[in-house]
Amino acid sequence: EVQLVESGGGLVQAGGTLRLSCTVSGITVDRYTICWFRQVSGKTREGVASITKSDGRIYYRNDVRGRFTISIDSAWNTVNLEMNNLKPEDTAVYFCAARPGWTQVTSGSYFHANEYNYWGQGTQVTVSS
């Protein structure tokens, strides 16, 4: 069984830091693309950051570039998202998702939710002003 479990969400003041973790079982994160998505109720799910260990590709959405850092801890089969200088507009449920790293995306984007095979259930991040 493939499982992705997010942790590390919570309530933080604007300007603060949170570190999210996606602990994966059933697949090896080094062989997959792992992407963090976020979603506000009533709005579309949007890609935040993705990482593909096999080819070294990392992508960030413009709103988080320079503030967020995605990384893989191969030994623990975990993908982390360190979120610095958080802003109220970062408030959302954050999901991690996985897709095979050896296949090409068909949509042309690693931030297309339909490209991903496996999903966690999300962790809430709330940033207060």
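In this text the structure is predicted, and so the values were computed from the model without any measurement. Heavy atoms only: backbone and side chains are in, while hydrogens, waters and symmetry mates are out.
- For the pair Gln3/Val24, no side-chain contact is recorded, criterion being any heavy-atom separation below 4.5 Å from C-beta on.
- Among all heavy-atom pairs drawn from Pro100 and Asn117, the shortest one is CD-OD1, 3.0 Å.
- Put simply, the side chain of Asn77 reaches to within 4.5 Å of the side chain of Thr28, judged on heavy atoms.
- Other members of the cluster containing Trp119 are Phe37, Tyr59, Val93, Phe95, Val105, Tyr110, Phe111, Tyr116, with ILVMFWY side chains joined at under 4.5 Å, either directly or via other members.
- Counting heavy atoms from C-beta on, the side chains of Leu18 and Leu86 come closer than 4.5 Å.
- The side chain to side chain contact (heavy atoms under 4.5 Å, CB included) search around Ser41 returns none, not counting sequence neighbours.
- For the pair Glu115 (side chain) and Ser107 (backbone), a donor-acceptor distance under 3.5 Å is present.
- Cluster annotation: Val40 and Val12 are assigned to distinct hydrophobic clusters (Ile/Leu/Val/Met/Phe/Trp/Tyr, side-chain heavy-atom contacts under 4.5 Å, transitive).
- Put simply, CD1 on Ile70 and OH on Tyr60 are 6.5 Å apart, with the number rounded to the nearest 0.5 Å.
- Interatomic distance, OG1 of Thr52 versus CZ of Arg57, reported as 7.5 Å (0.5 Å rounding).
- Applying the disulfide bond (SG atoms under 2.5 Å apart) rule to Cys22 yields the partners Cys96; only residues at least two apart in sequence or on another chain are considered.
- Residues meeting the side chain to side chain contact (heavy atoms under 4.5 Å, CB included) test with Pro88, sequence neighbours left out: Ala14, Val127, Ser129.
- Atoms OH and CD, on Tyr94 and Gln124 in that order, are 9.5 Å from each other to the nearest 0.5 Å.
- Annotation: side chain to side chain contact (heavy atoms under 4.5 Å, CB included) contacts of Val5 (sequence neighbours excluded): none.
- No more than 12 heavy atoms of other residues, nucleotides or ligands lie within 6.0 Å of CD in Gln104, so this atom counts as exposed by the packing criterion.
- Counted by atom type alone, Glu6 and Ser21 present zero donor-acceptor pairs between their side chains at under 3.5 Å.
- Side-chain contact between Ile51 and Thr33 is absent, with no heavy-atom pair separated by less than 4.5 Å.
- Trp76 and Ile34 are not part of a single hydrophobic cluster, where members link through side-chain heavy atoms under 4.5 Å apart.
- Within the structure, disulfide bond (SG atoms under 2.5 Å apart) pairs that include any residue of residues 25-94 do not occur (at least two apart or interchain).
- Applying the salt bridge (charged side-chain N to carboxylate O under 4.0 Å, His left out) criterion to Arg19, with sequence neighbours excluded, gives Glu82.
- Heavy atoms only, all atoms of each residue included: Val48 and Phe68 are closest at CG1-CD2, 3.7 Å.
- Taking Ser50 as the reference, nothing meets the side-chain hydrogen bond (donor to acceptor under 3.5 Å, both in side chains) condition, with sequence neighbours excluded.
- Shown here is Arg31, whose CZ atom has no more than 12 heavy atoms of other residues, nucleotides or ligands within 6.0 Å.
- For the pair Val2 and Tyr32, the minimum side-chain heavy-atom distance is 4.5 Å or more.
- In this view, Gln121 satisfies the side-chain hydrogen bond (donor to acceptor under 3.5 Å, both in side chains) rule with no residue, not counting sequence neighbours.
- The minimum heavy-atom distance linking Ala98 with Leu4 is given by the pair N-CD2, 4.0 Å.
- In this structure, the separation between CZ on Arg38 and CG on Asp63 is 6.0 Å, given to the nearest 0.5 Å.
- Distance CG/Asn80 to CD1/Ile72: 9.5 Å, rounded to 0.5 Å.
- Considering only residues two or more places apart in sequence or on other chains, Thr91 meets the side-chain hydrogen bond (donor to acceptor under 3.5 Å, both in side chains) condition with none of them.
- Scored by the side chain to side chain contact (heavy atoms under 4.5 Å, CB included) test, Arg67 finds Val64, Asn85, Lys87, Asp90 as partners (sequence neighbours excluded).
- Taking Thr78 as the reference, nothing meets the side-chain hydrogen bond (donor to acceptor under 3.5 Å, both in side chains) condition, with sequence neighbours excluded.
- Both Ile58 and Leu20 belong to a single network of hydrophobic side chains, linked directly or stepwise wherever heavy atoms of I, L, V, M, F, W or Y lie under 4.5 Å apart.
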